[in-house]
Amino acid sequence: MRIDVFSIFPEYLAALDLSLIGKARQDGLLDVRVRDLRDFTDDRHRTVDDTPYGGGAGMVMKPEPWAQALGTALDGAAEEGARPTLIVPSPAGEVFTQQTAYELAAEDHLVFACGRYEGIDERVLEWAGEHFDVRPMSLGDYVLNGGEVAVLAMVEAIGRLVPGVVGNPESLVEESHSDGLLEYPVYTKPSQWRERPIPEVLLSGNHAKIARFRRDEQLRRTSERRPDLIARLDPSTLDKADKAT
Ligand SMILES: COc1ccc(Cn2ccc3ccc(-c4cc(N)[nH]n4)cc32)cc1
């Protein structure tokens, strides 16, 4: 998978050189290219913003640098008839979920446009729609100062689902949100820690009982912390034993 990221703070994306995503880049599983939007300006001050038409506080990102930058992500794609997905972090976007991560992990080429200031001139998204599948994307209902933090989160959530990136694919199966439920609590040595034991069933060696305990914990946690997820559960997710819980 190729991932292009454009930002006026490319150093913000240095975290993508580290850990799992960094190793996947070294292994050639992910081709992540981070570019400075200012490299696509044509004035000596490398200007990327200007005052908003209609007035109002703050500045708006100029359209031309974005068109020049995004155009470089298209090189080669057009010939293959490819239509990359352009993700534009925004407080006004669709909310990014694990389902979104699965969908995007199946794409060959993702492009991320990190806005700043009050956002990007809307005509950029209109123009981009001729060449990309454009998806304004929100991390959640809170306000950030720009798109970089959102891109770090999304690239990690998507990248880890790309085959080969996570060593043991098993670990992707039983995790929060993979089956619509929150994950169960985990424990490790020592079995007694500051007078706190671990749930006895985990020492029983009875795998059926352990699986039941973990499933019950998933259901308990989800109904306590995220009742909204219970309401959205696909009925087929719950088996007979679950319903008895
Ligand atoms: C009009 O309201 C606002 C307009 C812009 C901003 C600052 N800003 C500039 C670019 C940018 C990209 C993403 C986000 C963002 C995404 C989520 N989930 N929260 N905040 C914020 C962003 C704040 C608020």
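Indexing begins at 1, ligand by ligand and atom by atom, following the structure's order. All residue numbers in this chain count up from 1 along the given sequence. Only heavy atoms go into these numbers, but all of them, side chains included; no hydrogens, no water, no symmetry mates.
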A.B. asks: Please state which protein non-hydrogen atom is closest to atom 21 (C) of ligand 1 and give its distance, to 0.1 Å?
C.D. replies: L144 O, 3.4 Å
A.B. asks: Where the side chain of R25 meets the backbone of V32, is there a donor-acceptor pair that is under 3.5 Å apart?
C.D. replies: yes
A.B. asks: Considering only non-hydrogen protein atoms, determine which one is nearest to atom 4 (C) of ligand 1 and report residue, atom name and distance to 0.1 Å.
C.D. replies: E118 O, 3.7 Å
A.B. asks: Is the number of heavy atoms from other residues, nucleotides or ligands under 6.0 Å of D39 CG greater than 12?
C.D. replies: yes
A.B. asks: Please state which protein non-hydrogen atom is closest to atom 17 (C) of ligand 1 and give its distance, to 0.1 Å?
C.D. replies: Y142 O, 3.5 Å
A.B. asks: Any heavy atom of A150 closer to ligand 1 than 4.0 angstrom?
C.D. replies: no
A.B. asks: To the nearest 0.5 Å, what is the distance between OG1 (T85) and CE (M137)?
C.D. replies: 9.0 Å
A.B. asks: Under 4.0 Å from a heavy atom of G147: give me the atoms of ligand 1 that qualify, with their elements.
C.D. replies: 11 (C), 12 (C)
A.B. asks: Checking D27 side chain against L29 main chain: does a donor-acceptor pair fall under 3.5 Å?
C.D. replies: no
A.B. asks: Specify the protein heavy atom at minimum distance from atom 9 (C) of ligand 1: its residue, its atom name, and the distance to 0.1 Å.
C.D. replies: Y117 O, 3.4 Å
A.B. asks: Please write down residue, atom name and distance for the protein heavy atom closest to atom 12 (C) of ligand 1.
C.D. replies: P89 O, 3.2 Å
A.B. asks: Would you kindly specify which portion of A92 sits under 4.0 Å from ligand 1, judged on non-hydrogen atoms: side chain, backbone, both or neither?
C.D. replies: neither
A.B. asks: Could you list which atoms of ligand 1 come closer than 4.0 Å to a heavy atom of G140?
C.D. replies: 18 (N)
A.B. asks: Which is it for D4 and R2 under the salt bridge (Lys or Arg N to Asp or Glu O under 4.0 Å) test, yes or no, and what are the steps along the way?
C.D. replies: CA-CA 7 Å; D4 291 278; R2 175 178 164 177; 2.7 Å; yes
A.B. asks: Can you name the atoms of ligand 1, numbered from 1 with element, that are less than 4.0 Å from a heavy atom of N145?
C.D. replies: 7 (C), 8 (N), 9 (C)
A.B. asks: Test L104 against every option in R135, M1, M154 by the side-chain contact (heavy atoms from CB on, under 4.5 Å) rule and name the one that passes.
C.D. replies: R135
A.B. asks: With heavy atoms of G115 as the reference, note each atom of ligand 1 found under 4.0 Å away.
C.D. replies: 10 (C)
A.B. asks: Judging by distance only, is a nitrogen or oxygen of P91 under 3.5 angstrom from one on ligand 1?
C.D. replies: no
A.B. asks: Identify whether V60 and F6 are in the same connected component of the hydrophobic contact network (ILVMFWY, side-chain heavy atoms under 4.5 Å).
C.D. replies: no
A.B. asks: Could you check whether any side-chain heavy atom of L233 comes within less than 4.5 Å of a side-chain heavy atom of L181, counting everything from C-beta outward?
C.D. replies: yes
A.B. asks: Report yes if L139 has an N/O atom closer than 3.5 Å to an N/O atom of ligand 1; otherwise report no.
C.D. replies: yes
A.B. asks: Side chain or backbone of I120 under 4.0 Å from ligand 1, or both, or neither, by non-hydrogen atoms?
C.D. replies: neither
A.B. asks: Could you check whether any side-chain heavy atom of D31 comes within less than 4.5 Å of a side-chain heavy atom of I3, counting everything from C-beta outward?
C.D. replies: no
A.B. asks: Is there a polar contact between ligand 1 and V143, counting only N or O atoms under 3.5 Å apart?
C.D. replies: no
